[in-house]
Amino acid sequence: EAGVTQFPSHSVIEKGQTVTLRCDPISGHDNLYWYRRVMGKEIKFLLHFVKESKQDESGMPNNRFLAERTGGTYSTLKVQPAELEDSGVYFCASSKRVGGAVHEQFFGPGTRLTVL
Amino acid sequence: GESVGLHLPTLSVQEGDNSIINCAYSNSASDYFIWYKQESGKGPQFIIDIRSNMDKRQGQRVTVLLNKTVKHLSLQIAATQPGDSAVYFCAEPLAAGNKLTFGGGTRVLVKP
């Protein structure tokens with residue numbers, strides 16, 4: 001079974017540009033999460049999809065970040081316009097959805113974003 | 001606010017020795033914790049978890065201890081190997097959506 005995949009693995013852009021990150025969850029996983037780790041800090045939650053619906057976007061830092069999950073399969077996270085403080089590693093994770101039980105989240109390898 | 005944090009940023013350990021990684025949490029109502037391992041170039045990988053009705057849980061070469069009195073948990077790695085070199089995070093799922101709150105991470109460096 002393929003794991004969570006993310007594209008690209010690295011992205012270097014200039015301040016003010018736009019970048020779109022993609023996450024392909026494990027097939028059949030309804031839950032999809034985005035997290036990020038900025039330099040020297042802990043991994044922080046950004047948002048959570050259940051299928052195509054945004055369940056929780058309380059971690060999104062501002063309106064420069066837009067996440068979508070059309071069709072409930074892969075997800076994209078767009079940053080527009082990018083700022084220096086957006087640099088970091090963006091992780092995607094997915095999990096099964098079975099009632100209210102906690103299910104293990106499987107993480108992708110992350111996308112390292114560098115904003116110059 | 002609720003937080004899960006780590007005491008030591010870097011732990012250097014001799015191959016074959018045991019490693020202990022510590023984590024503190026602030027919410028006394030927390031009832032479930034997870035340890036993740038993140039190797040270079042990879043995402044966090046589940047190692048072991050523990051519920052608050054337990055004080056100790058063992059896996060393969062790893063043991064997690066939970067002290068609810070002082071709101072502290074630890075991950076012990078027995079006979080540390082070079083493949084154990086990674087950053088280790090404690091984490092706690094919150095709210096109905098199980099979003100994870102992570103500690104700051106401890107880097108374990110295994111010396112040959």
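We name chains A, B, ... by the order of the sequence lines, and we start the count at 1 in each one.
- Using a 4.5 Å cut-off between heavy atoms, Ser58(A) contacts chain B through its side chain alone, with no backbone atom that close.
- Heavy-atom distances place no part of Gln45(B) under 4.5 Å from chain A, backbone and side chain included.
- Relative orientation of the Phe107(A) and Tyr35(A) rings is tilted, given thresholds of 30° and 60° on the angle between their planes.
- Ring-plane geometry between Tyr36(B) and Phe46(B) is classed as perpendicular, the angle between the planes exceeding 60 degrees on a 0 to 90 degree scale with a lower cut at 30.
- For Gln105(A), the parts sitting under 4.5 Å from any heavy atom of chain B are the backbone and the side chain alike.
- Counting heavy atoms from C-beta on, the side chains of Asn31(A) and His48(A) come closer than 4.5 Å.
- Counting non-hydrogen atoms of neighbouring residues, nucleotides and ligands closer than 6.0 angstrom, the NZ atom of Lys68(B) exceeds 12 such neighbours.
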Check your understanding: Where do Phe49(A) and Gln55(A) land on the side chain to side chain contact (heavy atoms under 4.5 Å, CB included) test, with the steps shown first?
Key -> CA-CA 5 Å; Phe49(A) 284 99; Gln55(A) 184 79 9; over 6 Å; no

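- For Arg37(A), the part sitting under 4.5 Å from any heavy atom of chain B is the side chain, from C-beta outward, and nothing else.
- When each of Val50(A), Leu47(A), Ile43(A) is checked for heavy-atom pairs under 4.5 Å with chain B, Ile43(A) comes out on top.
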